[in-house]
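Right, one structure below, let's go through it.
Since the model is a prediction, treat every value here as computed from it, not as a measurement.
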Amino acid sequence: MKAEEDELGKYGFIRIHKNFLVNMGWIDEVGNRHIVLKDGTELDMGKDRRKAVMEGMSRYGRKHG
């Protein structure tokens with residue numbers, strides 16, 4: 001999964017869980033242990049991934065306004 005994460009990272013994807021890569025353009029909300037996508041889908045987020053997701057979303061927001 002690491003190879004996919006590295007490859008898709010340049011297209012705005014971020015790993016939120018050991019089993020999930022998500023396009024940051026689809027993330028609507030970041031909670032403590034989950035994210036909510038723009039269509040309302042709620043996905044679990046790994047407990048140690050929140051900081052990286054928040055940093056990734058910040059970089060993504062600066063890049064994509």
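Within the structure, salt bridge (charged side-chain N to carboxylate O under 4.0 Å, His left out) contacts touching residues 11-26 (residues at least two apart or in different chains) are Glu5-Arg15. Within the structure, no pair that satisfies the salt bridge (charged side-chain N to carboxylate O under 4.0 Å, His left out) test touches residues 22-32, not counting sequence neighbours.
Taking CD1 of Ile14 as the start and OH of Tyr60 as the end, the distance is 11.5 Å to the nearest 0.5 Å. Summarising the geometry, atom CE belonging to Met45 is positioned 8.0 Å from atom CE belonging to Met54; distances are rounded to the nearest 0.5 Å. Separating the CD1 atom in Ile16 from the CZ atom in Arg49 is a distance of 9.5 Å, to the nearest 0.5 Å. Atoms NZ and CE, on Lys63 and Met24 in that order, are 8.5 Å from each other to the nearest 0.5 Å.
Remark: Asp6 engages Lys2 in a salt bridge (Lys or Arg N to Asp or Glu O under 4.0 Å) (not counting sequence neighbours). For Glu7, the salt bridge (Lys or Arg N to Asp or Glu O under 4.0 Å) partners at least two apart in sequence or on another chain are Lys10.
Residue Met1 belongs to a hydrophobic cluster whose other members are Leu8, Tyr11, Phe13, Leu21, with links defined by side-chain heavy atoms closer than 4.5 Å.
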N/O donor to acceptor pairs below 3.5 angstrom from side-chain atoms of residues 31-44, sequence neighbours left out:
{"residue": "Lys38", "atom": "NZ", "partner": "Gly25", "partner atom": "O", "Å": "3.3"}
{"residue": "Asp39", "atom": "OD1", "partner": "Thr41", "partner atom": "N", "Å": "2.9"}
{"residue": "Asp39", "atom": "OD1", "partner": "Thr41", "partner atom": "OG1", "Å": "2.8"}
{"residue": "Asp39", "atom": "OD2", "partner": "Thr41", "partner atom": "OG1", "Å": "3.3"}

